[in-house]
Amino acid sequence: MPIRQLPQSLINKIAAGEVIERPASLVKELMENAVDAGATRIDVAVEAGGRELVRVVDSGGGIPAEELPLAVASHATSKLAEADDLFRIATLGFRGEALASIGAVSRMLVRSRPPQAAAGAEIEVTGGRASEVSPCGCPVGTVVEVRDLFFNTPVRRKFLRTNQTEFGHLSEAFTRIALGAPQIHFTLKHGQRTVFELPGGEDWRERIGRFFGRELADNLIAVESVDGEVSLSGYVANPTHSRGNNRMQYLFLGGRHIRDRSLQHALGEAYRGLLMTGRYPIAFLSLAMPPETVDVNVHPTKLEVRFQDAGRLYSQLLSTLRARFLNTDLTAHVGAPPAEDEAPGGHDPARTTQLRQQLVDWAKGKVSAWDTSEGAGGEAAAFSAGQPRDERRPLELARIDRGLAWTPAVPHPASIPETDPAAEPVENESGDGPAAAPAATPRASALQIHNRYLVTETQQGVTIIDQHALHERILYEHLRARVEAGAIETQALLVPEPVDFSAAEAAAALEHRELLARLGMKIEPFGGDTVLLAGYPAMLANLNPTEILHELIEGLLSSGKTPEPRDLLDDLLHTIACKAAIKAGDRLAPEEIEALLTQSHLVDDPHHCPHGRPTALVFTREELDKRFKRI
Ligand code: ADP
Ligand code: MG
């Protein structure tokens, strides 16, 4: 076939294929136009899942009668004047092809009236053919009605699914735009049924609750941060609430719903250890930044964007969430929902700020910003703020026979107790006479049951702790702190031990030699697929070093093609912590129980083990009273 210039009508049909995929696309494009027009109210009504009719009515600025033909023409927009504008877009639309595309594949009616016009005007487009503009009576604003989508492109029409499925997509499109513009009053009707009625100007949490239920809304944790010209705000769900996929991660950039793999990854990172494998965090986050620092013209439906400084944004999100979680009680409450999200109170605000900064630094990889001056010899300094040294000094964790005794040379920022010492209950919580435990122990002893759980009475009720999970978490936090500070101890082998691997394993081991060395695992090439083990982490003294090395390398290989060093390190830390921790089935001496309980105050999130299983369950007294029908 010879090369031919395509007629405009065919060009429009091709373009429509990109933008208009199904009824949901109509809702998206028309609602975006209404938002851009400054509407305070937008009503969406659809029939038969949107395939018969989609009508969007808005109270916005309208289109002057003489501009109606242009509005439905392709590449005609009021939102861009010159090329440079493309790099500072503040509207949802800008390509000027939505109305033309919709008109090319449906029967579309646009009726509009700007506030200053005495009457309205309308134009009809049928399969790409526009009618004359004619006057009509209508209120201020715009109505766009789209009937018989794909009536002239039967193949497309065949791809449409059931009305229910189409309505599902359409409702998702509605949700995204309505979440991005809480100031606007929205309604959605399907046939005779009003599906959503959302008053304008409501609080974001309220609006989220209207879509996803009160229960979730009540379990959202507010987050907020500013980094240079970028501000981030919104909500993330308590880890008690998660999903089996990442579809409940709503990200908005200046009101536009976007998807961003990197930010989704940051979100996953922030929840690492808080969710079970295969579970995804729920988040509603809104980003604001100068329009010129982001390119929104990189995706056909503008779902993806390109940030000028994606790396910094990643760090900002990760550190904001980490700092927030550190200040939030994430205990898995049994029966009762966790406390309402509130500003963490009850402790020194200056300390909190410092803590947050350290964590931010950690999240950004600025390890040097850590307060290492308090290192060996001065380890108690950070713990002793406002309290006699002995009361703050962590008890040596028992199990010396396993090489688990340690005092953190560099306290992890998270290892500073959050509780105001003055507020610490000093009386024996069990209420039967004076405390038997030493004054340094903040809580009464626990009872070990089935050699795996510790049951302890607290002020609020009863806490049941999984001994392995808690110890693992404690070890993980302290290990991480040590590794970050380069302070992990290596036990050198008198005679280096040759360890045989598969070719892939040997390659992975040598490739990640430096990383392993940071963990105290020293290896050297020996030739062939054999590696020499020259030293291993001192804390693993009584475990078989060859076995541990094998396990670490398997971890390296199973963690994917090119994992981030931080992820790898984290995985390795988890493996070591898990190996080194006491096990379910280990009988603990009273001092060991005390040591564990005391340590549990010294890590940021003692409530979840690194695999995401809860480390502790809390039964509040109220919950118990309820279950026993006392109240
Ligand atoms: P874009 O939104 O990319 O500019 P569209 O094809 O969606 O392109 O719309 C073309 C133009 O028609 C818009 O630039 C705007 O000027 C006008 N327009 C469309 N819908 C509305 C509306 N609901 N209210 C006011 N003006 C509208
Ligand atoms: Mg548009």
**Q** Does a side-chain heavy-atom distance below 4.5 Å link L317 with L285?
**A** yes

**Q** Just list the side-chain donor-acceptor pairs under 3.5 Å for residues 502-509, sequence neighbours left out, or say none.
**A**
from : atom 1 : to   : atom 2 : distance (Å)
S502 : OG     : E505 : N      : 3.2
S502 : OG     : E505 : OE1    : 3.4
E505 : OE1    : S502 : N      : 3.0

**Q** By side chain to side chain contact (heavy atoms under 4.5 Å, CB included), which residues pair with P590, not counting sequence neighbours?
**A** none

**Q** So, does S315 use its side chain to make a donor-acceptor pair with the main chain of G311 at under 3.5 Å?
**A** yes

**Q** If you measure from CG on L267 to CZ on R272, what distance do you get to the nearest 0.5 Å?
**A** 13.0 Å

**Q** Who passes salt bridge (Lys or Arg N to Asp or Glu O under 4.0 Å) against E524, sequence neighbours left out?
**A** none

**Q** With a 4.5 Å limit on heavy-atom distance, are the side chains of Q249 and N246 in contact?
**A** yes

**Q** For a 4.5 angstrom cut-off between non-hydrogen side-chain atoms, does V236 reach L321?
**A** yes

**Q** Please lay out, stage by stage, how Y453 and L447 fare under the test side chain to side chain contact (heavy atoms under 4.5 Å, CB included).
**A** CA-CA 8 Å; Y453 298 117; L447 180 69; over 6 Å; no

**Q** Restricting to side chain to side chain contact (heavy atoms under 4.5 Å, CB included), what partner residues turn up for F212, sequence neighbours left out?
**A** T175, L179, I208, L216, M248, Y250, F284

**Q** Could you check whether any side-chain heavy atom of R324 comes within less than 4.5 Å of a side-chain heavy atom of I221, counting everything from C-beta outward?
**A** yes

**Q** Quick test of your reading of the model: are E484 and R480 salt-bridged, counting only N-O distances below 4.0 Å?
**A** no

**Q** What are the two closest non-hydrogen atoms of L220 and R205, and how far apart are they?
**A** O-NH1, 3.2 Å

**Q** CZ of R259: more than 12 outside heavy atoms within 6.0 angstrom?
**A** yes

**Q** May I have the step-by-step check of side chain to side chain contact (heavy atoms under 4.5 Å, CB included) for Q459 and R621, ending in yes or no?
**A** CA-CA 9 Å; Q459 256 185 341; R621 211 188 69 187; over 6 Å; no

**Q** Test side chain to side chain contact (heavy atoms under 4.5 Å, CB included) on L597 and I465; report intermediate values, then the result.
**A** CA-CA 9 Å; L597 291 183; I465 295 168; 3.5 Å; yes

**Q** Judged by atom type as modelled, is there a donor-acceptor pair below 3.5 Å linking the side chain of H550 to the main-chain atoms of D500?
**A** yes

**Q** Looking at R243 and R279, would you say the former's side chain and the latter's main chain have a donor-acceptor pair under 3.5 Å?
**A** no

**Q** What residues, two or more places apart in sequence or in another chain, satisfy salt bridge (Lys or Arg N to Asp or Glu O under 4.0 Å) together with D466?
**A** R613

**Q** Residues two or more places apart in sequence or in another chain: which of them pass salt bridge (Lys or Arg N to Asp or Glu O under 4.0 Å) with E206?
**A** R214

**Q** Under the criterion side chain to side chain contact (heavy atoms under 4.5 Å, CB included), I'd like the reasoning laid out for R312 against D227: C-alpha separation, chi angles, the key distance, then a yes or no.
**A** CA-CA 9 Å; R312 183 161 166 186; D227 181 12; 2.7 Å; yes

**Q** Would you mind reporting whether L532 and I523 have side-chain heavy atoms less than 4.5 Å apart?
**A** no

**Q** So do the side chains of F307 and L263 get within less than 4.5 Å of each other, counting heavy atoms only?
**A** yes

**Q** Which distance, rounded to the nearest 0.5 Å, do you find between the CG of L318 and the NE2 of H265?
**A** 9.5 Å

**Q** Return the minimal non-hydrogen interatomic distance between S225 and T320, and the atom names on each side.
**A** OG-OG1, 2.9 Å

**Q** Is E457 close to T463 at the side-chain level, that is, under 4.5 Å between some pair of heavy atoms?
**A** no

**Q** For R452 and G585, indicate whether the former's side chain and the latter's backbone hold a donor-acceptor pair under 3.5 Å.
**A** no

**Q** Minimum heavy-atom separation for L275 and P281, please, with both atom names.
**A** CD1-N, 3.5 Å

**Q** Evaluate whether atom CZ of F526 has more than 12 neighbouring non-hydrogen atoms of other residues, nucleotides or ligands under 6.0 angstrom away.
**A** no

**Q** Is a side-chain donor or acceptor of H468 paired with a backbone partner of I582 at a separation under 3.5 angstrom?
**A** yes

**Q** For the CG atom of L287 and the CG atom of L313, what is their distance to the nearest 0.5 Å?
**A** 5.5 Å

**Q** Nearest 0.5 Å, please: how far is OH in Y314 from OG in S319?
**A** 11.0 Å

**Q** What are the two closest non-hydrogen atoms of A217 and G209, and how far apart are they?
**A** CB-CA, 3.7 Å

**Q** So, for L454 and A446, which heavy atoms are closest and what is the spacing to 0.1 Å?
**A** CB-CB, 4.0 Å

**Q** If you measure from CG on L573 to CG on L475, what distance do you get to the nearest 0.5 Å?
**A** 11.0 Å

**Q** Under a 4.5 Å cut-off applied to non-hydrogen side-chain atoms, are F501 and L549 in contact?
**A** yes

**Q** State which residue, out of R587, Q467, K583, fulfils the side chain to side chain donor-acceptor pair (under 3.5 Å) condition with N451.
**A** R587

**Q** Using distance alone, with no hydrogens and no angle criterion, decide if E472 and H574 have a side-chain donor and acceptor under 3.5 Å apart.
**A** no

**Q** Closest heavy-atom contact between P498 and T530?
**A** CB-CG2, 3.8 Å

**Q** Kindly compute the distance separating CG (D260) from CG (L251), expressed to the nearest 0.5 Å.
**A** 6.5 Å

**Q** Could you check, using the six-membered ring where one of them is a Trp, whether Y271 and Y280 have ring centers closer than 6.0 angstrom?
**A** no

